[in-house]
Protein chains: 2
Amino acid sequence: MSDVAKAAGVSRATVSYALRGDPRIAAATAEKIRQAAQKLHYNANISARSLRSGRSGIIGVAIYELDRPYPSEMSAAMSREIARRGYQPIVQQTSGSKDDEIMILQKVTSQLCDGMIFSPGQVSDEELRALSHGKPMVLLDDISPDPVFDSVNTACEDGSAAAVRHLIDIGCKHVVVVGPSYDMLLDDKMASSVVGRRMTGCLRAFEEAGVDVDASNFLPLEHWDPIPAREAAYRLLDSDDYRDADGVFCMTDTIAISFMRGLADRGVRVPDDIALVGFDGVTESEYAVPSLTTVRTDLDDLARRTLDLLIDRINANVGGAGIDATGGTGDNAGDGLAFPDAPQRLTAAWELVKRESTRR
Amino acid sequence: MSDVAKAAGVSRATVSYALRGDPRIAAATAEKIRQAAQKLHYNANISARSLRSGRSGIIGVAIYELDRPYPSEMSAAMSREIARRGYQPIVQQTSGSKDDEIMILQKVTSQLCDGMIFSPGQVSDEELRALSHGKPMVLLDDISPDPVFDSVNTACEDGSAAAVRHLIDIGCKHVVVVGPSYDMLLDDKMASSVVGRRMTGCLRAFEEAGVDVDASNFLPLEHWDPIPAREAAYRLLDSDDYRDADGVFCMTDTIAISFMRGLADRGVRVPDDIALVGFDGVTESEYAVPSLTTVRTDLDDLARRTLDLLIDRINANVGGAGIDATGGTGDNAGDGLAFPDAPQRLTAAWELVKRESTRR
DNA sequence: TTGTAGGCGTTATCAC
DNA sequence: GTGATAACGCCTACAA
């Protein structure tokens, strides 16, 4: 910074002001400084800035299973939206264990980032509050009963209901939901977990159609992974309970595609013998053979809503403008409106995309 | 840190030493300090550490198109391996433009990270050197003629040759390679680009089989994306040049799966009418119907080799041990061997996985 | 084996 | 509108 100051014939403080677009600096001076910085390949040191001001201009995304289509497409959408708002995105994988989630939050995200987007796996809301160090955080698909943070959710209930309704509409007599166990109905987490809310949606659709529901309408999956999902198809075909199943709703596209592969292993035709619906709307679902009907979450809308919330909180924290005065289109939803302190809870746009797997 | 020092009854310096496992501190003292830190939820501030020592304990992965299966599976593998070695992984998406790649390197990766793993799109090796600020970097699939950095590559030539050979072996009379254009042979970048090297492998296989090659053996693709790949299938079927094509090698699995979808749109059967081979070995390839024969890159091996190189360079930079004395299994390949200064160039393990798409 | 002191590159608070 | 100066929290000679 000293070098730039010298080259531009000003003091270091002036360089700092000019580079961050402080209006106090004369336009001509600022331009001269910017050019000097450019020529010297100068870039402000993030560590120093963060140490001194507590702001880094970085927003972090921490997500489970970066190698699966849905999380990776979601991270990509978040990254794009973060960059569009003049922040630097970083993505981190929370590979399952609770300790790992905690470590990521402690060691990098909460320290380095001005705000975080987190898809909680194991950590509770209360623990998160302690780990957040007071930094703004928006949670994804967090359904805890009394939320501590803003959150944006996928349309678990409505989406699942639409999926099951669609199967019934096309004439399925025995619809099976792959993922949750029937016993879950007894669970007190029905309202506070993603599975529970999706199951609730399914039940609503069954009820509206006048379908009586029992254990034979659910095929539980220990892990929502490709291998168990593929094997679940064998279980469906081998068990008497599901013998007349003619429609299946899988709780994620990845499950649906693996399940479909399992059906293909046994020569069962989709949609002729069994119709199939997924959830997420990953790219893959469009290119599968047959292409997969699915409840598509609008990831761009999800990202937009998430960042609306997060950036409002970040600005509320300091009561000022963003760190990068040059970058922003500055549409921080709701200018001038005081941001409410109570955690907000939004739902991303979605649609039922009808494709070959339910074409009859 | 002062609080921890007070709680443990030592000075701040002692806390710093103890927490990083400096052998000078007595084991009992160190333990006492660790417990105090734990109780107070103390974590060293990365910004301050990085500012003072130049080391952050973070390794960055910068990669193109985080929302595609191959890059996302690769990032996940890298993240796991980075964590396994006691560093914190962060992933960034370089969404295409050269400016974006530069910005990512300038603004965060090169500043914040002790080392970087980069899959270069538009930026030249020389530009990278300037942007790296002397920090170690390992490139992925960088084939520049005189490399500046270590790199780890996929088996472009051998893998492609194996793919084409396999198609010929199962009896294909007219093999078409989807991706590069025949004109590329005239290009001087044959040896220094991924496409070029994969094409070279194809040509070798053709030659070894005594097959004469012309433009009808190549179906060029403007962008290696699903939509153009799907349409490429229509082009193949509609053009007289490819009328008798009975085997297709696609340069990535994503292309192959989209291409296969295009064939299905026209009712062409795989493998009966046309056999198909992909490249990468993404999870999706195993669950496609029919499952896809592919040249699978061993991502764990790729990650291992990449981090062997990178961590050796990081340690050479400071001539010491890793930042986290507790974390490492410490198998930094080749103990005691002086690390050569010349850029290394390694190739990841791979295998041809034969599946239904070439079963005849 | 432990304590002391100075500085890493910024930004914020003052004067001017 | 600009310049001097003191922190931010940590690391590391060096002294004890």
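This structure is a prediction, so every number in the text was calculated from the model and none was measured. In the text below, chain A, chain B and the rest are named by the order of the sequence lines, each starting its count at 1.
- If you measure from atom CZ of B:Arg55 to atom P of D:dC10, you get 18 Å, rounded to the nearest angstrom.
- In summary, B:Asp308 and B:Arg313 do not engage in a salt bridge, as defined by a charged side-chain N under 4.0 Å from a carboxylate O.
- Of all nucleotides listed (C:dA12, C:dC8, D:dA13), C:dA12 comes nearest to the side chain of A:Arg52.
- One atom, CG of B:Leu112, and another, P of C:dC8, lie 20 Å apart when rounded to the nearest Å.
- Checking C:dT1, C:dT10, C:dA12 against every side-chain atom of A:Tyr17, the shortest atom distance belongs to C:dA12.
- Residue contacts shown for A:Ala26 are limited to sugar-phosphate atoms, with no base heavy atom under 4.0 Å away.
- When rounded to the nearest whole Å, the span between CG of A:Asp22 and P of C:dT10 equals 17 Å.
- Between A:Gln93 and A:Ile104, the closest heavy-atom pair is O-CD1, 3.0 Å.
- For B:Tyr42 and A:Val10, each mapped to the nucleotide of DNA chain D holding its nearest heavy atom, the one lying further toward the 5' end belongs to A:Val10.
- In this structure, A:Ser50 reaches neither bases nor backbone, as no heavy-atom distance under 4.0 Å exists between it and the strands shown.
- At least one side-chain nitrogen or oxygen of A:Thr29 sits closer than 4.0 Å to the OP1 or OP2 atom of D:dT2.
- Taking every side-chain heavy atom of A:Ala13 into account, D:dA4 is the closest of D:dA4, D:dC10, C:dT2.
- The nucleotide whose nearest atom lies closest to any side-chain atom of B:Arg20 is, among D:dC14, D:dC11, D:dA6, D:dC11.
- Electrostatic pairing of A:Asp22 and A:Arg24 counts as a salt bridge here, judged by a charged N lying under 4.0 Å from a carboxylate O.
- Among the protein residues, A:Asp3 comes within range of no part of the nucleic acid, since none of its heavy atoms lies under 4.0 Å from any strand.
- Between A:Arg129 and A:Asp125, none of the side-chain N atoms (NZ, or NE/NH1/NH2) sits under 4.0 Å from a carboxylate O, so this pair counts as no salt bridge.
- With rounding to whole Å, A:Asn45 atom CG is found 16 Å from D:dC10 atom P.
- Distance CZ (A:Arg24) to P (C:dA15): 14 Å, rounded to an integer number of Å.
- Note on A:Ser2: nothing from the nucleic acid sits closer than 4.0 angstrom, heavy atoms only.
- For A:Thr14, counting side-chain heavy atoms from C-beta on, the closest listed nucleotide (D:dC10, D:dG3, C:dG3) is D:dG3.
- To the nearest angstrom, C1' of D:dG9 lies 5 Å from CG of A:Leu51.
- Both A:Ser16 and B:Ile25 sit near DNA chain C, but only B:Ile25 has its closest nucleotide nearer the 5' end.
- Taking atom CG of B:Leu19 as the reference point, atom C1' of D:dG9 lies 14 Å away to the nearest angstrom.
- Residue B:Ser53 places none of its side-chain N or O atoms closer than 4.0 Å to OP1 or OP2 of D:dC11.
- Taking every heavy atom of both residues into account, B:Ile33 and B:Ala8 meet most closely at CG1-CB, 3.9 Å.
- Taking a cutoff of 4.0 Å between a charged side-chain nitrogen and a carboxylate oxygen, A:Glu101 and A:Lys98 do not qualify as a salt bridge.
- The separation between A:His133 atom NE2 and D:dC8 atom P is 18 Å, rounded to whole Å.
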